[in-house]
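Keep in mind it's a predicted model, so treat the numbers as computed, not measured. Letters go in sequence order (proteins before strands), and every chain restarts at 1.
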Protein chains: 2
Amino acid sequence: MTRQRDVILQALADEEAFRSAQELYADLRTAGTPIGLATIYRALQTLADTGDVDVLRTESGEALYRRCGTRHHHHLICRSCGKTVEVAADAVEQWAHAVAKRHGFRDPAHTVEVFGLCRDCPDA
Amino acid sequence: MTRQRDVILQALADEEAFRSAQELYADLRTAGTPIGLATIYRALQTLADTGDVDVLRTESGEALYRRCGTRHHHHLICRSCGKTVEVAADAVEQWAHAVAKRHGFRDPAHTVEVFGLCRDCPDA
DNA sequence: CAGGGATTGAGAACCGTTATCACTATCGGC
DNA sequence: GCCGATAGTGATAACGGTTCTCAATCCCTG
Ligand SMILES: [Mn+2]
Ligand SMILES: [Mn+2]
Ligand SMILES: [Zn+2]
Ligand SMILES: [Zn+2]
């Protein structure tokens, strides 16, 4: 664990929403923390590999990162402000397993995200 | 509807798996069909907007396209050969709606994909 | 046949991400 | 402390998928 990695974890720890690497870079530089963009990408990749951060892809293909609990979960995300809630989904887990089995697919995995507008965001 | 757009729809119609724009381009050119890459991207975007093709993002961020039924559905996808089955998921629809409501999120939407290895693909 | 708006496609530009590589920080052994 | 080995950093270049540009072409309508 190096100073830079700690800084990145810290930046994510304070944050409820998913953030992009470029956003983190801009924020840290603005805050006067010296760090390279390559370092941020490397750290995020490492953290994603070890399961310390979750990754999701924007509709446009950009990768977003978030410090999440280690238990299996999914996300409820405000599509305006990005506010994110971790949600459990036992029924969905079982459904995914069953649908794979029914069609003869083995070693099943799944992605599930729910989007909406949170209480604090106007309709606009 | 122009010749090019018809060609693209045709290429997708014969295909069970999700395909990338670049794959379609390579295949059509190899088959002797003259078409530009920009045209393919434009056509796919239009078709996606009108709901005639579904789009999904690779883990690496690449966009993949597939001609699908018009009813709401999700996908069961072989992560080796790409074979794709459309699946209904009423239980999941209801769960998504409920979880959004419970947390005060309105106008809910969701993404759900199931991945696995199909019968025809070795474990490798 | 024109005229004119829509479409095409080669190439350039764009942008998020990854690779390169010289430099620096860290650490265990001396 | 000093040294060499090792791992990490970051400015920059390269990469790859997508979008933009714009001149040429198509195609509908009068
Ligand atoms: Mn799950
Ligand atoms: Mn659904
Ligand atoms: Zn919000
Ligand atoms: Zn398969």
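Summarising the geometry, atom CZ belonging to A:R19 is positioned 12.5 Å from atom CD1 belonging to A:I8; distances are rounded to the nearest 0.5 Å. Note that CG of A:L12 is 10.0 Å distant from CZ of A:R66, once rounded to the nearest 0.5 Å. How far CD1 of A:I35 is from CZ of A:R5: 10.5 Å, rounded to the nearest 0.5 Å.
For C:dA25, neither phosphate oxygen OP1 nor OP2 lies less than 4.0 angstrom from any side-chain nitrogen or oxygen of A:R5. Taking side-chain N and O atoms only, A:Q4 has a distance below 4.0 Å to OP1 or OP2 of D:dG10. Phosphate proximity of C:dT7 to B:R3: absent, as no side-chain N or O sits under 4.0 Å from OP1 or OP2. At C:dT8, none of the side-chain N or O atoms of B:T39 fall inside 4.0 Å of OP1 or OP2 (strictly under the cut-off).
The residue B:T2 sits close only to the backbone: its heavy atoms come under 4.0 Å of sugar-phosphate atoms, none of a base.
For A:L28 and D:dT9, the CG to P distance is 13 Å, given to the nearest whole Å. If you take CD of A:E23 and C1' of C:dT17, they are 15 Å apart, rounded to a whole angstrom. Between A:R19 atom CZ and C:dT17 atom P the separation is 14 Å, expressed in whole Å. With rounding to whole Å, B:D6 atom CG is found 16 Å from D:dC26 atom C1'. Distance CD1 (A:I40) to C1' (C:dG16): 13 Å, rounded to an integer number of Å. Regarding B:E59, its CD atom lies at a distance of 12 Å from the P atom of C:dT18, rounded to whole Å.
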Give me the distances for all protein-to-nucleotides 15-21 of chain D N/O pairs that come in under 3.5 Å?
unit_1 : atom_1 : unit_2 : atom_2 : d
D:dT18 : OP1    : B:A63  : N      : 2.9
D:dT18 : OP2    : B:Y41  : OH     : 2.4
D:dT18 : O5'    : B:Y41  : OH     : 3.4

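A:R3 CZ: more than 12 foreign heavy atoms inside a 6.0 Å radius.
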*Given side-chain contact (heavy atoms from CB on, under 4.5 Å), test A:T46 with A:D52 step by step and report yes or no.*
CA-CA 9 Å; A:T46 301; A:D52 290 309; over 6 Å; no
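Aromatic ring orientation, A:H74 versus A:H110: tilted (interplanar angle from 30° to 60°).
For the pair A:D107 and B:R79, the salt-bridge criterion is met [side-chain N within less than 4.0 Å of a carboxylate O].
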